[in-house]
Amino acid sequence: RLVQLAVEQDDEAVDLALGAGGALGLAASLAATERRRATRLAAIDAVAAVLGPYALPRGHGAEALGLLVRLAGDPSAGPWVRRAALRAAAGLPPTAAAALLAVGLHSSTGVDDHLVRAGAVEIALARHDFPTTGLVASIGVDDSELVRFTLADGLAQRIGRALPRARAE
(Lines give C-alpha, C1' and ligand atoms only; values in the text may rest on other atoms or scores of the structure.)
Protein backbone atom coordinates (compact mmCIF):
# COMPACT_ATOMS: atom_id res chain seq x y z
CA ARG A 1 0.00 0.00 0.00
CA LEU A 2 2.88 2.36 0.75
CA VAL A 3 4.22 2.03 -2.80
CA GLN A 4 0.74 2.58 -4.24
CA LEU A 5 0.49 5.82 -2.25
CA ALA A 6 3.92 6.88 -3.46
CA VAL A 7 2.88 6.29 -7.08
CA GLU A 8 0.06 8.78 -6.56
CA GLN A 9 2.65 11.39 -5.50
CA ASP A 10 5.70 11.57 -7.76
CA ASP A 11 8.70 9.65 -9.09
CA GLU A 12 10.92 10.70 -6.18
CA ALA A 13 8.47 9.24 -3.65
CA VAL A 14 8.32 6.00 -5.63
CA ASP A 15 12.11 5.75 -5.79
CA LEU A 16 12.29 6.25 -2.01
CA ALA A 17 9.70 3.55 -1.40
CA LEU A 18 11.49 1.14 -3.73
CA GLY A 19 15.01 1.85 -2.51
CA ALA A 20 17.01 -0.24 -0.05
CA GLY A 21 15.60 1.62 2.96
CA GLY A 22 12.04 1.74 1.63
CA ALA A 23 9.07 -0.59 1.66
CA LEU A 24 10.59 -3.05 -0.82
CA GLY A 25 13.84 -3.28 1.14
CA LEU A 26 12.01 -3.83 4.42
CA ALA A 27 9.75 -6.53 2.95
CA ALA A 28 12.74 -8.25 1.33
CA SER A 29 14.64 -8.19 4.61
CA LEU A 30 11.74 -9.82 6.45
CA ALA A 31 11.31 -12.37 3.65
CA ALA A 32 14.97 -13.32 3.95
CA THR A 33 15.37 -13.50 7.70
CA GLU A 34 12.05 -13.78 9.53
CA ARG A 35 11.68 -16.95 11.60
CA ARG A 36 7.88 -16.96 11.85
CA ARG A 37 6.48 -18.55 8.72
CA ALA A 38 3.30 -16.45 8.60
CA THR A 39 5.30 -13.21 8.72
CA ARG A 40 7.76 -14.51 6.18
CA LEU A 41 4.97 -15.52 3.78
CA ALA A 42 3.34 -12.09 4.15
CA ALA A 43 6.69 -10.41 3.44
CA ILE A 44 7.20 -12.54 0.31
CA ASP A 45 3.71 -11.60 -0.87
CA ALA A 46 4.54 -7.91 -0.27
CA VAL A 47 7.75 -8.22 -2.32
CA ALA A 48 5.80 -9.92 -5.11
CA ALA A 49 3.09 -7.24 -5.09
CA VAL A 50 5.64 -4.46 -5.55
CA LEU A 51 8.24 -6.16 -7.73
CA GLY A 52 6.40 -6.73 -11.02
CA PRO A 53 4.18 -3.69 -11.37
CA TYR A 54 6.41 -1.07 -9.75
CA ALA A 55 10.01 -2.01 -9.00
CA LEU A 56 11.32 -3.82 -12.08
CA PRO A 57 9.82 -1.36 -14.61
CA ARG A 58 11.56 1.48 -12.74
CA GLY A 59 14.94 -0.23 -12.58
CA HIS A 60 14.66 -1.36 -8.95
CA GLY A 61 14.21 -4.79 -7.49
CA ALA A 62 17.07 -6.86 -8.90
CA GLU A 63 18.09 -7.77 -5.34
CA ALA A 64 14.52 -8.67 -4.40
CA LEU A 65 14.17 -10.84 -7.51
CA GLY A 66 17.45 -12.55 -6.61
CA LEU A 67 16.10 -13.17 -3.12
CA LEU A 68 12.96 -14.82 -4.51
CA VAL A 69 15.08 -17.04 -6.77
CA ARG A 70 17.24 -18.06 -3.79
CA LEU A 71 14.20 -18.75 -1.59
CA ALA A 72 12.53 -20.81 -4.33
CA GLY A 73 15.61 -23.00 -4.58
CA ASP A 74 16.44 -23.31 -0.88
CA PRO A 75 15.27 -26.66 0.59
CA SER A 76 15.85 -25.36 4.13
CA ALA A 77 13.20 -22.66 3.55
CA GLY A 78 10.47 -25.31 3.44
CA PRO A 79 7.95 -26.00 0.67
CA TRP A 80 5.45 -23.28 1.63
CA VAL A 81 8.02 -20.48 1.65
CA ARG A 82 9.43 -21.79 -1.62
CA ARG A 83 5.97 -21.89 -3.22
CA ALA A 84 5.25 -18.36 -1.98
CA ALA A 85 8.44 -17.16 -3.67
CA LEU A 86 7.37 -18.88 -6.89
CA ARG A 87 3.92 -17.23 -6.79
CA ALA A 88 5.67 -13.92 -7.48
CA ALA A 89 6.21 -15.17 -11.05
CA ALA A 90 2.52 -14.52 -11.76
CA GLY A 91 3.11 -10.76 -11.83
CA LEU A 92 6.61 -10.60 -13.28
CA PRO A 93 7.70 -9.80 -16.83
CA PRO A 94 8.17 -12.99 -18.92
CA THR A 95 11.98 -13.24 -18.68
CA ALA A 96 12.05 -12.73 -14.91
CA ALA A 97 9.12 -15.13 -14.44
CA ALA A 98 10.81 -17.83 -16.53
CA ALA A 99 14.02 -17.55 -14.50
CA LEU A 100 12.12 -17.85 -11.22
CA LEU A 101 9.90 -20.71 -12.40
CA ALA A 102 12.88 -22.66 -13.76
CA VAL A 103 14.18 -22.96 -10.20
CA GLY A 104 10.90 -24.49 -9.02
CA LEU A 105 10.37 -26.70 -12.05
CA HIS A 106 13.78 -28.32 -11.64
CA SER A 107 13.71 -28.62 -7.86
CA SER A 108 15.05 -31.99 -6.74
CA THR A 109 17.09 -31.45 -3.60
CA GLY A 110 14.61 -31.86 -0.76
CA VAL A 111 11.97 -34.19 0.63
CA ASP A 112 9.03 -31.95 -0.34
CA ASP A 113 10.27 -30.95 -3.79
CA HIS A 114 7.20 -32.45 -5.46
CA LEU A 115 5.12 -29.74 -3.75
CA VAL A 116 7.45 -27.06 -5.11
CA ARG A 117 7.43 -28.51 -8.64
CA ALA A 118 3.62 -28.81 -8.59
CA GLY A 119 3.34 -25.17 -7.53
CA ALA A 120 5.71 -24.09 -10.28
CA VAL A 121 3.74 -26.04 -12.89
CA GLU A 122 0.48 -24.48 -11.73
CA ILE A 123 1.89 -20.94 -11.94
CA ALA A 124 3.62 -21.55 -15.27
CA LEU A 125 0.46 -22.84 -16.92
CA ALA A 126 -1.63 -19.98 -15.54
CA ARG A 127 0.59 -17.58 -17.51
CA HIS A 128 -0.48 -17.31 -21.14
CA ASP A 129 3.09 -16.52 -22.22
CA PHE A 130 4.78 -19.59 -20.75
CA PRO A 131 5.56 -22.21 -23.42
CA THR A 132 4.12 -25.65 -22.77
CA THR A 133 6.25 -27.77 -25.11
CA GLY A 134 9.29 -28.14 -22.88
CA LEU A 135 7.11 -28.31 -19.81
CA VAL A 136 5.17 -31.32 -21.08
CA ALA A 137 8.38 -33.10 -22.14
CA SER A 138 10.12 -32.66 -18.78
CA ILE A 139 7.26 -32.63 -16.27
CA GLY A 140 5.16 -35.27 -18.03
CA VAL A 141 7.63 -37.91 -16.84
CA ASP A 142 8.04 -36.54 -13.30
CA ASP A 143 8.31 -39.15 -10.54
CA SER A 144 5.52 -37.48 -8.58
CA GLU A 145 1.91 -38.24 -9.42
CA LEU A 146 0.94 -34.88 -7.90
CA VAL A 147 3.21 -33.03 -10.33
CA ARG A 148 1.94 -34.99 -13.33
CA PHE A 149 -1.69 -34.45 -12.28
CA THR A 150 -1.05 -30.71 -11.81
CA LEU A 151 0.40 -30.63 -15.33
CA ALA A 152 -2.64 -32.41 -16.80
CA ASP A 153 -5.08 -30.20 -14.90
CA GLY A 154 -3.22 -27.03 -15.87
CA LEU A 155 -3.11 -28.02 -19.53
CA ALA A 156 -6.85 -28.73 -19.50
CA GLN A 157 -7.53 -25.34 -17.94
CA ARG A 158 -5.27 -23.59 -20.45
CA ILE A 159 -7.04 -25.31 -23.35
CA GLY A 160 -10.39 -24.41 -21.82
CA ARG A 161 -9.38 -20.74 -21.66
CA ALA A 162 -8.15 -20.82 -25.27
CA LEU A 163 -11.28 -22.42 -26.79
CA PRO A 164 -13.61 -19.41 -26.43
CA ARG A 165 -10.95 -17.15 -28.02
CA ALA A 166 -10.47 -19.59 -30.91
CA ARG A 167 -14.22 -19.86 -31.49
CA ALA A 168 -14.57 -16.07 -31.47
CA GLU A 169 -11.95 -15.72 -34.18
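All residue numbers in this chain count up from 1 along the given sequence. On a predicted model such as this, the values are computed, not experimentally measured, just so you know.
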Q) Any chain of hydrophobic side-chain contacts (each under 4.5 Å) joining W80 to V103? A) no
Q) Going hydrophobic residue to hydrophobic residue with side-chain gaps under 4.5 angstrom, can you get from L105 over to L115? A) no
Atom of [X], atom of [Y] and distance for their closest heavy-atom approach:
X	Y	value
L71	A85	CB-CB, 4.0 Å
A88	L100	CB-CD2, 4.2 Å
I123	A89	CG2-CB, 4.0 Å
V116	A72	CG1-O, 4.3 Å
L101	A120	CD2-O, 3.8 Å
A84	L41	CB-CD2, 3.5 Å

Give the table of side-chain donor-acceptor pairs shorter than 3.5 Å for residues 134-142, with sequence neighbours excluded, one pair per line with atom names and distance.
unit_1, atom_1, unit_2, atom_2, d
S138, OG, G134, O, 3.0
D142, OD1, R117, NH2, 3.0
D142, OD1, S144, N, 2.8
D142, OD2, R117, NE, 2.7

Q.
Let's go through R37 and V81 carefully: what are the C-alpha distance in whole Å and the side-chain angles of both, what is the deciding distance for side chain to side chain contact (heavy atoms under 4.5 Å, CB included) to 0.1 Å, and is it a yes or a no?
A. CA-CA 7 Å; R37 184 171 53 195; V81 168; 4.2 Å; yes
Q) Rounded to the nearest 0.5 Å, how far apart are OG1 of T39 and CD of E34? A)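 Atom-to-atom, T39:OG1 and E34:CD are 4.5 Å apart.
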**Q.** Rounded distance (nearest 0.5 Å) linking atom CG of L67 with atom CD1 of I44
**A.** 7.5 Å
Between [X] (side chain only) and [Y] (backbone N and O only), is there a donor and an acceptor less than 3.5 Å apart?
X	Y	value
R127	A98	no
D74	R70	no
R87	R82	no

Kindly indicate whether the side chain of [X], heavy atoms from C-beta on, has any atom under 4.5 Å from the side chain of [Y].
X	Y	answer
L30	R40	no
L24	E63	no
L125	L151	yes
P93	T95	no

Q.
Does D129 have more than 12 heavy atoms from other residues, nucleotides or ligands lying within 6.0 Å of its CG?
A.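 More than 12 within 6.0 Å, yes.
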